[in-house]
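See below for the structure under consideration.
Just so it is clear, the model here is predicted, and its values are computed rather than measured.
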Amino acid sequence: MMGFTMTSNARPAVMCPARAGRIAVDQPKVLASASLVMPRRNAGGRTTSLRTRQAAPISARRTGRAVAVFASGQKGYKVALLGAAGGIGQPLGLLLKMNKLVNELSLYDVAPVTPGVAKDLSHCNTPSTAEGFVGPENLGKALEGADLVVIPAGVPRKPGMTRDDLFNINAGIVKTLIEGVAKHAPNAVINIISNPVNSTVPIAAEILKKHNVYKKEKLLGVSTLDVVRANTFVAEAKGLDVATVNVPVIGGHAGTTILPLLSQATPNVSFDAAETDALTKRIQEAGTEVVEAKAGGGSATLSMAYAAARMAESVLLGLSGTSVEECAYVESSIVPGVDFFAHRLRLGKNGVEEYLPIGPISDYEQKALDEAVTILQGNISKGREFANE
């Protein structure tokens, strides 16, 4: 976990053991009006920091520092976490419990341990509540009144598995959970983490359509981990402060559909052809890198939880009135021939408020994009067919 200094107002944090209800770590910038402490880029490209509600700009771009934690704050939102007892769900629940914009955390899973996870989190001295719900009969209770639903439920990848290998199990899980969302939280923003995202998001869209509650601006596939990895790897390769790095990642969230736009990286950096190819492939296969390193002991759970917390926080910031740029996998017409695509978006009070253009890309990126579109078409069709069986 990266270091941060957090306070509930604009006063400097005082580091001492007796600080009631505060968490202090070593981040130099303090944000009083929202849950993030991170540099922001304004319209002129200059990096600024948010300090008070009065000083906060109306728009912000997420850069390297993504998740900030608070132990005191204002009235916030209800977040329902579906799959809360799993390898992603538990660390993600902790990060959400620490977020200033969350005041009610609803933890759902089929695992009997779920109430214990909620009880464990409830002991954290942050102002949000945490309540656990187990089993399909309690899904409705978990979802009622949710502003944001985050879904990491499903089986993890194991060595040798692709995201498509997960389809038959995870597709059914997502279908069931989205049925519940449609009935009990039809106005919530939905963040889908369950892989394969390229197919599970179209599944969710079809289910929501059947219930006449589909709003494309409120359904997002979380591809944020690809951005987090791209920012990290570029910073490492060029010796940059990761807090200043931003690399848009477009396409999808599996293998070669993941397309980091290194040509658009900020700060402006250059890579030769060999470096570009190697770094692009590393970003695309970073999940496999973790699966293999864990030697059968799991997949990328911690970094995924971190990235999902960043995305959840961006959505909540948008709902609260602070417009934020993120990349996510959504229904979009930005690329001809494909109905779902990950690209830069502007989040606001209604979810996605603006679908931002891809912008100029290199010949290498264009070739990769053309190949990704063909794969995405198959992934999307597979999801739709499953949802309509």
Side-chain angles (χ1 to χ4, degrees), residues 2 62-66 87-88 156-166 193 195-198 221-308 310-311 326-329 341-344 358 361-376 379:
M2 297 172 61
R62 302 299 300 254
T63 50
R65 299 194 190 276
I88 296 170
R157 289 177 67 195
K158 296 179 180 178
M161 292 179 68
T162 67
R163 288 180 175 86
D164 282 339
D165 293 330
L166 306 177
I193 300 167
N195 278 315
V197 166
N198 292 357
V222 179
S223 59
T224 318
L225 181 53
D226 301 324
V227 176
V228 167
R229 286 168 168 161
N231 291 350
T232 300
F233 298 165
V234 167
E236 290 174 350
K238 294 300 180 180
L240 300 171
D241 178 358
V242 71
T244 68
V245 177
N246 184 48
V247 182
V249 181
I250 66 171
H253 183 56
T256 56
T257 67
I258 300 168
L259 179 53
L261 298 182
L262 299 176
S263 66
Q264 294 183 16
T266 54
N268 186 28
V269 292
S270 61
F271 297 95
D272 62 31
E275 289 174 324
T276 297
D277 188 58
L279 187 53
T280 297
K281 288 178 178 176
R282 187 187 176 199
I283 294 165
Q284 291 172 338
E285 298 301 325
T288 301
E289 182 179 305
V290 175
V291 169
E292 292 176 350
K294 289 188 174 182
S299 58
T301 53
L302 300 177
S303 54
M304 184 65 250
Y306 174 85
R310 160 176 164 157
M311 187 65 199
E326 278 285 9
C327 291
Y329 182 72
F341 195 79
H343 63 99
R344 291 186 307 120
I358 293 173
I361 60 177
S362 69
D363 292 341
Y364 175 92
E365 292 162 350
Q366 183 61 59
K367 182 175 182 293
L369 175 58
D370 293 341
E371 294 171 356
V373 165
T374 300
I375 298 170
L376 283 170
N379 296 157

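Taking all atoms of both residues into account, the shortest heavy-atom contact from Pro248 to Cys327 is CA-SG, 4.0 Å. Of all the heavy atoms in Leu261 and Val247, the pair that sits closest is O-CG1, 3.9 Å. Tyr329 and Asn198 get closest at one heavy-atom pair: OH-O, 2.9 Å. Between Ser223 and Ala328, the shortest heavy-atom distance links the atoms OG-CA, 3.5 Å. Across all their heavy atoms, Lys294 and Ser299 have their closest contact at NZ-O, 2.6 Å. Taking each heavy atom of Ala372 and Thr256 in turn, the nearest pair found is CB-O, 3.9 Å.
Val245 is not listed as a side-chain neighbour of Lys238, based on a closest heavy-atom distance of 4.5 Å or more. Taking the side chain as every heavy atom from C-beta outward, Met304 and Ile193 approach each other to under 4.5 Å.
Between Arg229 and Glu289, none of the side-chain N atoms (NZ, or NE/NH1/NH2) sits under 4.0 Å from a carboxylate O, so this pair counts as no salt bridge.
Applying the side chain to side chain contact (heavy atoms under 4.5 Å, CB included) criterion to Asp363, with sequence neighbours excluded, gives no partner residue. With sequence neighbours left out, Thr280 forms a side chain to side chain donor-acceptor pair (under 3.5 Å) with no residue at all. The side chain to side chain contact (heavy atoms under 4.5 Å, CB included) search around Gln366 returns Ile361, Leu369, Asp370, not counting sequence neighbours.
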Item to complete: Check step by step if side-chain contact (heavy atoms from CB on, under 4.5 Å) holds for Leu225 and Ser303.
Response: CA-CA 7 Å; Leu225 181 53; Ser303 54; 3.8 Å; yes
Item to complete: Please test Thr257 against Asn379 for side-chain hydrogen bond (donor to acceptor under 3.5 Å, both in side chains), starting from the C-alpha separation and ending with a verdict.
Response: CA-CA 10 Å; Thr257 67; Asn379 296 157; 5.3 Å; no
Worksheet entry | Audit row: Glu365, Ser263, side-chain hydrogen bond (donor to acceptor under 3.5 Å, both in side chains) steps and yes/no | CA-CA 8 Å; Glu365 292 162 350; Ser263 66; 2.7 Å; yes
Worksheet item: After noting the C-alpha distance and the side-chain angles of Val222 and Val197, does the key distance pass the side-chain contact (heavy atoms from CB on, under 4.5 Å) rule?
Response: CA-CA 8 Å; Val222 179; Val197 166; over 6 Å; no
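With rounding to the nearest 0.5 Å, the separation of CZ in Phe233 from CG in Leu279 is 8.0 Å. Between the NE2 atom of His253 and the CG atom of Asn195 there is a distance of 4.5 Å, given to the nearest 0.5 Å. The structure places CD1 of Ile358 at 4.0 Å from CD1 of Ile250, a figure rounded to the nearest 0.5 Å.
Applying the 6.0 Å contact sphere to NZ of Lys367 captures no more than 12 heavy atoms from other residues, nucleotides or ligands.
Side-chain atoms of Glu371 do not come within 3.5 Å of backbone N or O of Ala368 as any donor-acceptor pair.
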